[in-house]
Amino acid sequence: MHHGLNMFSTEGTLLDTVREPLLQWTIGEQIPPPITATLINHVVDLRVSKNPCANDVALLVPVFAPSKSAGVILTVTRSGFTSSNNRWFNCTKKLCQLLNGDCIGLATVDVKLTNYYLFLLTTKGLFLSQDMTSQGTGSLNFTLLDISSLTQMDYSSTTLWYSHHCLHDKANFQDDYVSLISSGTDVENKASQCLYSRDPFTEWHSCDISNMTSHRHVSFIYDGQQHTGIVLSYTQEKGAKVSVFGMRGPVLKKKARFPPVRLNFISHGMLFHPNSHELYLYGSEVWSSADGGSSFSRIITLEGESVVNAVSCIHDQTVVFVTNLGSIYLSKADMGRYAKLNQSQHSVSTLYCDHLGSLIILSLHAQSPNGLNVDNIPTTSLIQHDDQSSEGALALQYTSDKTVLFHEHLPLSSPSLVTGPSLFSPSHVGKVIRLSTGGSGVITQVYRRRTAEGFVAVAVAEILEGFKGERLTTEPIQRCRLTVSKGPNAILRLENPSFSPGFQDTHIGKTVVIPGSSSYLITGVFDSRAALALPTLPTIVPFNKTYSPGEWLLFNAMNRGAWKLMEGECRHTLQSLNNLRTNSLVYINLKEELTFSFKASVFGSQTLVFHKKLMKFTIGNPSLLKVTTAHSWDRANNHILNITAFSNFFQKGQTTVIVSIPEASLLCTSTPFVFTLQNSCPTGLRIRYIPDQVISAQDWLHGDPRDSKGVKRLIDLPVNYRPPSQLGIAIPVSDNIYNADPSRPRPREFYQISKDTGRYKQCAGKPSAAECDCTDELRLSPLVANSDCRKRVLRFMYPVTNLNITLYITRPGHKNVPLTAPEFVTVTEVNNKTNWKITGTNAVPSMLKMRDYLGSRLNSTLYNPEGLQISCFGSELFHFQIAVVPGVLLCDMVEEVQIYVDNPPLAFPAQYLINTITAVVLGGVLLAGFFLRRSKVRLPSKQSFVALLRKRSTAVAPAAGSAHSF
C-alpha cells in the first residue's frame with residue numbers, strides 16, 4: 001500500500017553488549033591496529049569465528065607464514081567489522097606464560113568461538129579460555145590443554161571443527177562439541193588422528209573407530225538434534241565416507257547407526273547449517289543431506305577447482321562455498337540449487353556473513369583505521385547475472401499450451417562424443433531457461449535418462465513467457481512445406497525451396513518444432529532440400545507426413561548464447577498464517593499439540609496449475625515429535641499447508657522445521673521458512689494451587705478480602721516469624737524465617753536450639769527490611785526460597801479438615817489445565833511439622849503400581865493430584881511443598897502452599913489442666929451439698945443472709961439525732 005510514497009522498510013540488529021560474553025573480556029594486551037605493509041606480506045590466511053547466537057560479534061585472526069612468527073594477535077568486533085570500534089589484542093605474552101617461555105615459533109593455526117569458550121589452536125598447542133559466562137571481567141585466562149594423544153603431533157597440520165548452534169539455555173540436552181583433526185599432507189596418511197570433547201572440554205575422546213583405520217579423517221561434527229557424531233573420512237580408492245554414530249553420553253558408540261555412505265569425490269570438510277539442520281559435504285563436489293547423513297544429494301560439481309571453505313548465514317538460510325581459486329557459490333537450505341557469484345575472493349582474505357545475512361569479504365589494510373578492508377558482495381545482482389548454460393543443444397517440444405520439454409543433447413561440435421554427463425540435474429529445478437529469440441520457462445522436473453538416441457536428459461518446464469521461434473525474415477525456410485521421411489533417424493525434406501535458400505550448415509543444432517508431435521533436432525545437412533534430424537519422441541513419429549507452413553516452426557537453442565539457464569525473478573511468496581517469524585524458537589510441552597499453517601502463492605505466471613503442491617516440508621529429527629501434515633487450497637488456488645506437532649514422547653530435544661518452495665527463486669526472501677521446536681519445559685510453565693475463591697494480586701498485597709461470612713481470608717505474619725515445632729509453640733527450630741526484618745528482634749528465642757536455627761535468605765547481610773529488595777513478585781511467591789519476603793498467607797479457622805488442594809498447570813498465554821494422573825505428586829512440610837495428614841486422594845491402579853515401583857526410591861508417599869485433600873491438626877503456619885514425580889513431565893514441577901490455622905484450642909497441657917480443675921471444683925461442690933442435704937443440715941436461706949447483713953450494719957452505725965456532752 002505504501003508503493004510510490006517514497007517509503008521503505010529496513011532492518012537492523014539489537015545487541016545487548018552488557019550480557020554478550022566475549023565483549024566483557026580483554027584477550028591479552030590491547031593494542032592499536034598492528035597491521036603494517038611489512039606485516040601484511042607475511043599473512044598467508046585469515047581465520048574468522050563468530051558468536052553462534054549473535055553473528056555480529058566475531059573475532060578475526062591473521063595466520064602468518066612459518067618463517068615470520070609474529071605471535072598471536074586478533075581483533076574482536078561487535079558490529080560485524082563494519083565500524084572502527086574493533087579492538088585488537090596481542091595474546092603472545094599471555095600464552096607464553098603457559099609455555100614456560102618457549103615461545104619461539106608461536107603462531108596461530110585456527111580459532112573457534114563457541115557459546116561459552118574460546119579455542120586458540122597454535123603451533124605450540126591448543127589453548128582453551130575460561131568460561132566466558134563466569135563472574136568477573138578483565139583479562140581472559142587461558143589453559144594449555146594437555147592432550148596425551150597429540151603430544152607428538154604437528155599442530156600446523158591440525159584443524160578445529162565446530163558445529164555452530166546457539167544454546168538458548170543450558171538445558172541438559174544441549175551441548176557444545178569441538179573436534180581436533182590431525183592429518184599429514186599425504187592423502188593416505190594412516191596416522192591421522194581425530195579427537196573430540198564436550199563442554200567443559202576436560203575429557204577428550206577418540207573418534208577412531210576400528211573399521212576406519214585405513215581412512216584419513218577429514219572432519220568430525222556433532223548433530224545436536226539427533227545426538228549423533230558424524231565422521232567424514234577419505235581414501236583415494238574409495239573416495240569420501242560418511243559414518244554416523246549414536247552417542248552414549250559424550251562417547252561414540254562403536255556401531256554405526258546405519259551403513260556408511262560412500263561418495264566418489266575428494267572431500268575437504270563438512271558444515272551443519274545452524275538453523276536448518278542441513279548437512280553439507282564439500283570438496284571437488286558439494287553434497288547435502290536433510291536427514292542427518294543417511295542420504296545425500298549432489299548440488300555442485302566442479303572441474304579444475306575444489307571447495308575449501310563454507311560459510312553459513314542464519315538470517316536468510318543461505319550457505320556460501322569458496323573454492324581454492326577464489327570462486328564463490330551460493331545456495332539455500334533445502335533448496336538444492338546454487339548460483340555462482342561473479343566475484344572472487346582475494347588471495348589473502350576470508351568470507352564472513354553478519355547477523356543480517358550480508359556477505360562480506362574481509363582482508364587486511366594497513367591504512368584503514370581498524371586495519372581491515374571490508375567489501376560487501378551484492379548477492380542479489382550477482383545471482384541475477386549467473387548463467388549456467390552449456391555448449392549442448394536443446395530440443396524444445398510442446399506437451400501443452402502451458403508446458404514444454406527441453407531435451408538436452410551433447411555438444412554437436414564433437415560428433416564423436418555420443419555419451420557423457422548431462423547438464424540438467426535435480427538441482428536445476430526452479431531455474432529459468434531463456435531463449436535469445438524470446439520466451440522463458442521455469443524447470444519443474446528433471447529426468448536424467450536417455451529419452452531418445454543422442455539425448456542425455458530432459459527438463460520439464462512451465463511456460464512463463466511464450467517461446468518464440470525464428471523470424472521469417474531470418475529463416476525463410478519456414479515458408480516451405482516440410483515432409484518427415486524415414487532414414488537413419490529422420491530425414492526432413494523441404495518442398496518449394498524457391499522461397500528460401502533451403503537447409504544450410506547453420507541450421508545444425510536448431511530444432512524443428514511441430515506442436516502435438518515429436519520435435520526434430522537437426523544434426524546434419526545433405527543438401528538444400530534434405531537434412532538429417534533426431535526425433536525427440538521416435539516412437540510417435542508420423543513418417544511420410546507433410547506439414548504446411550505455419551504447422552511447424554524453427555527454434556534456435558543450439559549452444560550457449562542461443563539459450564541461458566539462469567535464476568529467475570521471485571514469483572513465490574511463503575507466509576505464516578500464525579504470525580510466526582522465521583528463525584523462531586517454539587516450546588512444546590508433553591501432551592501438547594501445536595498447529596502451524598502456511599500459505600504459498602505464485603504470481604506473474606501464464607500457467608495456472610490447479611491444486612498444485614508448491615510447498616515442501618522437512619523436519620530435522622522425526623523421532624522427537626509426532627508430526628502430521630495436511631494440504632489444502634483456498635479459492636484463489638493458493639496452497640495451504642497445515643503442520644501439526646504433538647509431543648507424546650518423553651524425550652527432551654530440539655528439531656528444526658523447514659517449509660520451502662523448491663521451485664522458488666534464490667532471490668525470494670520468504671523461502672525457506674525455518675523455525676525450531678523445542679520439546680522441553682516451556683518458559684513460564686508451572687503448577688499452581690488455585691483456591692476455590694481466587695484472590696487477586698492487588699488484594700493479596702494491599703486488600704482485606706473476606707469470605708461470604710465476613711471472615712478474613714488473609715493474615716499478616718509477625719515480623720521474623722517462625723512456625724512452632726513439635727517441641728512446643730514457643731520453641732521454633734525451622735531455618736525458614738517469614739516476613740524478615742534484620743533490624744528487629746526475633747521472637748520466641750527463649751531456648752538455645754531456637755537461637756541456633758533460622759537463616760535469612762533474601763535479607764542475608766542486609767541491615768533492614770528496606771534493603772532486602774523484596775519486590776511484589778517475591779511477596780506473592782509461596783516458595784520457601786522467598787520466605788523472607790512473605791508477609792501474608794491464607795487464613796483458615798481451626799479445625800482444618802479435608803482441605804481441597806486443586807492444582808493446575810499454568811502457562812502464560814494458555815488456558816489452565818488441571819493436574820491429573822499420571823502426573824503423581826509427593827507432599828512434604830518444609831518446616832518438618834508432623835501434625836497433618838493426607839486424608840483424600842483418588843487411588844487409581846496406576847498410582848498404586850507407581851507407589852510400589854518407586855517405593856524404594858522416594859522418601860515420601862505418592863499421591864494422585866485428583867481429589868487431593870489435607871487435614872491439619874495443629875495451629876499456625878503450615879508450609880507444604882508439592883512436587884510432581886520426576887519422569888512424567890519435561891519439567892521439575894514444584895508448588896508450595898502456605899496456610900495459617902487460626903483460633904485453635906489451648907495448647908497441651910493447659911486445656912487439660914483447666915478442664916480437670918473445673919471438674920474437681922464442680923464435683924467437690926456437688927459432693928458437699930449432697931452430704932449436707934443427707935445430714936439434714938439446714939442451710940442458710942437468702943432471707944437469713946440479708947438479715948444478718950442488716951444487723952451487722954446497725955451495730956456499727958451511730959444513732960440518729962443523738963447528742964454528746966462533755
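Not counting sequence neighbours, the partners of Cys53 by the disulfide (SG to SG under 2.5 Å) test are Cys166. Residues passing the side chain to side chain donor-acceptor pair (under 3.5 Å) test with Asn85 are Ser79, Ser83, sequence neighbours excluded. With sequence neighbours left out, the side chain to side chain donor-acceptor pair (under 3.5 Å) criterion links Gln762 to no other residue. Legend: residues meeting side chain to side chain donor-acceptor pair (under 3.5 Å) with Ser846, ordered by chain and number and at least two apart, are absent.
The number of heavy-atom neighbours closer than 6.0 Å to OH of Tyr798, taken from other residues, nucleotides and ligands shown, is above 12. Annotation for Asp892: atom CG does not count as buried by contact number, only 12 or fewer foreign heavy atoms lying within 6.0 Å.
Residues Leu23 and Leu15 have side chains in contact (heavy-atom distance under 4.5 Å, counting atoms from C-beta outward). No side-chain heavy atom of Asn736 sits under 4.5 Å from any side-chain heavy atom of Tyr721.
In this structure, the side chain of Asn621 engages the main chain of Gln225 through a donor-acceptor pair within 3.5 Å. Under the 3.5 Å distance criterion, the side-chain polar atoms of Gln24 are matched with a main-chain donor or acceptor of Val18.
Both the sub-6.0 Å distance and the 45° axial angle are not jointly satisfied by Lys837 relative to the ring of Phe873.
Using bins of under 30°, 30° to 60° and over 60° for the plane-to-plane angle, the ring pair Tyr162/His165 lands in the tilted bin.
Less than 6.0 angstrom separates the ring centroid of Phe201 from the ring centroid of Phe119. The aromatic ring centroids of Phe675 and Phe596 lie less than 6.0 Å from each other.
Residues in residues 796-835 take part in no disulfide (SG to SG under 2.5 Å) pair, two or more places apart or across chains.
Taking CG of Leu868 as the reference point, atom CG of Asn804 lies at 9.0 Å (rounded to 0.5 Å). From Thr839, atom OG1 reaches atom CD1 of Ile870 across 8.0 Å, with rounding to the nearest 0.5 Å.
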Could you list the donor-acceptor pairs under 3.5 angstrom formed by side chains in residues 772-780, with sequence neighbours left out?
{"from": "Thr775", "atom 1": "OG1", "to": "Leu778", "atom 2": "N", "distance (Å)": "3.3"}
{"from": "Asp776", "atom 1": "OD1", "to": "Arg779", "atom 2": "NH1", "distance (Å)": "3.2"}
{"from": "Arg779", "atom 1": "NH1", "to": "Cys774", "atom 2": "O", "distance (Å)": "2.8"}
{"from": "Arg779", "atom 1": "NH2", "to": "Cys774", "atom 2": "O", "distance (Å)": "2.9"}

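Of the options Arg792, Arg795, Lys791, a side chain to side chain donor-acceptor pair (under 3.5 Å) to Asp716 is made by Arg792 and by none of the others.
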